[in-house]
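Data block below; observations after.
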Amino acid sequence: MSEATEPVDAVDSFDRIAADLLALKETHTISYAELGRRIGEQRIGRGVPAAAAYPPRSTVYDAFRAGRTRIDPVLLRDIVNALGVEGDAAQSWVERAQRLRRTAEPSARQRVAAPPSSVDVPAPSPVVMPAPAGAGRFPLAQAPRWWSPYLLVLGCIALNLAGLVVVQALHLPIYLDMTGTAAASIILGPWHGAFVATAGNLLGFTVGAPGAAPYALVNIAGALVWGFGVRRWGMGDDIGRFFVLNLLAALACSIVGSFLNVILFGGLSGHGSDSVTTSIVTLGLPLIAAALSANILTSVIDKVLTGFIALTLFVWLHRAARFPASHMPLVERLSAPAGQAPASAPV
């Protein structure tokens with residue numbers, strides 16, 4: 001069999017398409033989560049909004065499952081494209097599914113056609129199906145509408161500003177100004193996170209923090225690490241990798257932030273973390289080293305806390321508003337009802 005497809009013959013079926021798909025997938029040794037990520041990136045490249053681009057992992061997995069009565073030709077094309085099949089070869093997969101669907105539809109109509117009879121047959125009583133396990137535990141919402149990502153972005157900007165207010169009011173040695181950035185980055189993507197980062201810092205003057213504007217660069221660094229981390233580096237697959245991702249975000253933010261502190265404010269920016277920097281300077285370290293050490297110490301605490309708040313928000317949005325999470329399997333697992341495997345996981 002070639003990598004594209006086998007010739008369609010009289011015994012072709014949806015099961016055979018599924019088997020051929022599985023064989024093609026196995027030659028690439030790719031996971032269903034990664035396949036969903038590739039499909040989402042392709043769709044975004046075609047202009048599909050990011051919130052609707054990534055298919056649920058269960059949808060992708062079902063295309064490889066035997067016993068199907070139809071396969072969505074559009075999804076089929078996306079899958080084979082993600083597996084490296086393009087052009088006429090990809091079209092041949094689509095034509096197989098379309099041909100089988102046309103063949104199956106007349107048979108289905110014949111099965112459901114009522115037989116002629118002069119005897120009135122009473123209508124069957126409606127059958128009440130039992131609710132699936134876990135139904136009603138979480139609200140069953142529709143997929144997010146086109147405007148939902150915009151509302152989420154605005155909410156994330158407000159979260160960043162709220163963090164600035166809390167830190168100034170309580171004189172905390174941490175920052176809490178990147179919760180919205182982290183949430184936008186892992187839910188919508190790194191560039192959405194970068195927009196939230198920039199907007200939140202530039203609007204800092206509205207909550208009495210005009211000095212936040214230059215630190216937009218720190219916020220952007222964190223947005224890119226979080227966003228690309230869960231989409232490109234597979235660091236949203238489990239809790240351990242996500243914890244490491246937050247440490248990487250802390251390191252990136254600390255490097256950028258320390259240089260900004262030294263260049264703009266001589267190492268002391270007026271933030272609560274200055275007391276840590278001063279203590280380290282008294283040990284004999286140069287100012288830049290003291291600023292970096294203090295920044296890393298406070299940033300690790302801040303970014304781990306920020307990242308897990310964002311993760312909790314993502315889990316809630318996935319449950320309540322069906323925000324896609326196929327790029328982050330950890331969210332799908334945490335969203336599943338207690339004692340029940342996530343719907344996206346093959347059983």
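From a predicted model like this one, the values you see are computed outputs, not experimental measurements.
- Cluster membership for Met328 and Ile239, using ILVMFWY side-chain heavy atoms within less than 4.5 angstrom, is shared.
- Residues passing the salt bridge (Lys or Arg N to Asp or Glu O under 4.0 Å) test with Arg241 are Asp237, Asp238, sequence neighbours excluded.
- Each of Leu313, Leu152, Val315, Val331 was evaluated against Phe323; a single residue qualifies, Leu152, per the side chain to side chain contact (heavy atoms under 4.5 Å, CB included) test.
- One distance of note links CG of Asp12 with CD1 of Ile17; it measures 5.5 Å at 0.5 Å rounding.
- For the side chain to side chain donor-acceptor pair (under 3.5 Å) condition, the pairs that include at least one residue of residues 178-197, sequence neighbours left out, are Asn160-Thr181, Thr181-Asn219.
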Practice item. Could you give me the CA-CA distance, side-chain angles and deciding distance for Ile157 and Phe195, then say whether side chain to side chain contact (heavy atoms under 4.5 Å, CB included) is met? Key: CA-CA 9 Å; Ile157 294 172; Phe195 178 81; 4.2 Å; yes
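- Sorted by first and then second residue, the pairs that involve residues 223-235 and meet salt bridge (Lys or Arg N to Asp or Glu O under 4.0 Å), not counting sequence neighbours, are Glu41-Arg232.
- Taking the charged nitrogens against the carboxylate oxygens, Asp20 and Arg96 do have a contact shorter than 4.0 Å, which makes a salt bridge.
- Heavy-atom minimum distance, Ala223 versus Gly193: CB-C, 3.5 Å.
- Asn81 and Ala90 get closest at one heavy-atom pair: ND2-CB, 3.6 Å.
- Residues passing the side chain to side chain donor-acceptor pair (under 3.5 Å) test with Gln42: none are found, sequence neighbours excluded.
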N/O donor to acceptor pairs below 3.5 angstrom from side-chain atoms of residues 245-252, sequence neighbours left out:
| unit_1 | atom_1 | unit_2 | atom_2 | d |
| --- | --- | --- | --- | --- |
| Asn246 | OD1 | Trp226 | NE1 | 2.8 |
| Asn246 | ND2 | Phe242 | O | 3.1 |

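- For Leu75 against Thr59, the heavy-atom pair with the smallest separation is CD2-CG2, 3.7 Å.
- Looking at residues two or more places apart in sequence or on another chain, you find a ring-ring contact (aromatic ring centres under 6.0 Å, His included) between Phe64 and Tyr32.
- Summarising the geometry, atom CG belonging to Leu203 is positioned 6.0 Å from atom CG belonging to Leu161; distances are rounded to the nearest 0.5 Å.
- Partners of Pro73 by side chain to side chain contact (heavy atoms under 4.5 Å, CB included), not counting sequence neighbours, listed by chain and number: Val94, Gln98, Arg101.
- Two rings, from His318 and Tyr54, have their centers 6.0 Å or more apart.
- The minimum heavy-atom distance between Pro55 and Gly40, with the atom names listed, is CD-N, 4.3 Å.
- Between Ile220 and Ala194, the shortest heavy-atom distance links the atoms CG1-O, 4.1 Å.
- Linking Ile, Leu, Val, Met, Phe, Trp and Tyr whenever their side-chain heavy atoms come within less than 4.5 Å leaves Ile71 and Val74 in two separate clusters.
- A donor-acceptor pair under 3.5 Å is absent between the side-chain atoms of Arg43 and the main chain of Val48, judged by distance alone.
- Scanning for salt bridge (Lys or Arg N to Asp or Glu O under 4.0 Å) contacts around Asp302 gives an empty result, with sequence neighbours left out.
- Phe243 has its side chain within reach of Phe308: a pair of non-hydrogen atoms, C-beta onward, lies under 4.5 Å apart.
- Note that CZ of Phe314 is 8.0 Å distant from OG of Ser335, once rounded to the nearest 0.5 Å.
- Between atom CD1 of residue Ile187 and atom SG of residue Cys156 there is a gap of 6.0 Å, rounded to the nearest 0.5 Å.
- Nearest approach of Gly208 to Gln168, heavy atoms of both residues: O-OE1, 2.9 Å.
- Partners of Ile30 according to the side chain to side chain contact (heavy atoms under 4.5 Å, CB included) rule, which considers only residues two or more places apart in sequence or in another chain, are Lys25, His28, Glu34, Leu35, Arg38, Leu83.
- When the side chain to side chain contact (heavy atoms under 4.5 Å, CB included) test is applied to Leu154, no partner is found at least two apart in sequence or on another chain.
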Practice item. Test Met178 against Cys253 for side chain to side chain contact (heavy atoms under 4.5 Å, CB included), laying out the working first. Key: CA-CA 10 Å; Met178 293 182 65; Cys253 292; 3.7 Å; yes
Exercise for review: Determine, stepwise, if the pair Ser326 / Glu332 fulfils side chain to side chain contact (heavy atoms under 4.5 Å, CB included).
Suggested key: CA-CA 7 Å; Ser326 60; Glu332 294 184 325; 4.1 Å; yes
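- Checked against side chain to side chain contact (heavy atoms under 4.5 Å, CB included), Thr312 has no partners two or more places apart in sequence or in another chain.
- No path of Ile, Leu, Val, Met, Phe, Trp and Tyr side chains, each step under 4.5 Å between heavy atoms, connects Phe205 with Leu202, placing them in separate hydrophobic clusters.
- Within the 4.5 Å cutoff, no side-chain heavy atoms of Arg65 are placed close to those of Leu21.
- Between Leu100 and Arg70, the closest side-chain pair of non-hydrogen atoms is not below 4.5 Å.
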